[in-house]
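Worksheet: the structure to be examined is printed underneath.
For clarity, every value in this text was computed on a predicted model and none was experimentally measured. Atoms considered below: every heavy atom in the structure, side chains included; atoms not considered: hydrogens, waters and symmetry mates.
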Amino acid sequence: MVDPTTRFFEDLDRRGYEPLLDKTSGTMRFDLHEGAQTTHWLLQIDRGRLGVSQEDREADTVIGTDPVFFGDMVAGRENAIAAVLRGDMTVSGNPRLLLQVERIFPGPVTSTGPRHEYRREAR
């Protein structure tokens with residue numbers, strides 16, 4: 001069984017292009033810390049074109065949090081900006097990139113707007 005975080009990043013990689021990010025370029029690394037272990041996800045954005053890998057390399061923006069909390073974000077139960085303000089998530093580098101990328105995370109079930117509702121694509 002694949003966890004929600006892996007599904008989220010695999011979906012972004014399969015999507016290949018995200019219109020909500022068509023004016024965005026940069027790299028963003030998500031460091032998910034669980035005890036002594038850290039899982040890395042690297043999101044590369046080039047004017048909406050997306051690439052995802054599990055590389056631990058330099059990025060314009062680095063996000064740090066724990067895997068359970070990040071799972072809540074990709075499920076729409078948590079908000080990235082609120083998480084940074086509460087201290088549940090750290091941001092180093094270019095915080096503007098987080099503001100732009102935050103739009104692709106699913107919102108609460110009751111929200112409306114341009115956000116994506118995460119759905120597993122049928123193939």
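- The side-chain contact (heavy atoms from CB on, under 4.5 Å) search around S53 returns L42, Q44, E55, not counting sequence neighbours.
- The side-chain contact (heavy atoms from CB on, under 4.5 Å) test applied to Y17 returns P19, D22, R49, not counting sequence neighbours.
- In this structure Q100 satisfies the side chain to side chain donor-acceptor pair (under 3.5 Å) test with no other residue, sequence neighbours excluded.
- Screening residues 73-82 for salt bridge (Lys or Arg N to Asp or Glu O under 4.0 Å) gives D72-R77, E78-R86 as the qualifying pairs, with residues at least two apart or on separate chains.
- Looking at residues two or more places apart in sequence or on another chain, you find a side-chain contact (heavy atoms from CB on, under 4.5 Å) between I81 and N79, L85, L98, L99, E102.
- In this structure, V74 and P106 approach most closely via the heavy-atom pair O-CG, 2.9 Å.
- Heavy atoms only, all atoms of each residue included: M73 and A80 are closest at CE-CB, 3.8 Å.
- At a threshold of 4.5 Å between side-chain heavy atoms, the hydrophobic network of Ile, Leu, Val, Met, Phe, Trp and Tyr places V62 and M89 in two separate groups.
- Aromatic ring orientation, F105 versus F8: parallel (interplanar angle below 30°, classes split at 30° and 60°).
- Among pairs with a residue in residues 30-40, those fulfilling salt bridge (Lys or Arg N to Asp or Glu O under 4.0 Å) read R29-D31, at least two apart in sequence or across chains.
- Comment: R15 engages D11 in a salt bridge, judged by a side-chain N to carboxylate O separation of less than 4.0 angstrom.
- The salt bridge (charged side-chain N to carboxylate O under 4.0 Å, His left out) search around R96 returns none, not counting sequence neighbours.
- Note on residues 36-65: pairs passing ring-ring contact (aromatic ring centres under 6.0 Å, His included), not counting sequence neighbours, are F9-W41.
- Between atom CD of residue E18 and atom CG of residue L43 there is a gap of 10.5 Å, rounded to the nearest 0.5 Å.
- Residues L21 and R103 meet the side-chain proximity criterion, which asks for heavy atoms closer than 4.5 Å.
- T90 meets the side-chain contact (heavy atoms from CB on, under 4.5 Å) test with no other residue; sequence neighbours excluded.
- For D66, there are no side chain to side chain donor-acceptor pair (under 3.5 Å) partners at least two apart in sequence or on another chain.
- Residues meeting the side chain to side chain donor-acceptor pair (under 3.5 Å) test with N94, sequence neighbours left out: none.
- Side-chain atoms of T27 and I45, non-hydrogen and from C-beta on, never get closer than 4.5 Å to each other.
- Residues passing the side chain to side chain donor-acceptor pair (under 3.5 Å) test with T61: none are found, sequence neighbours excluded.
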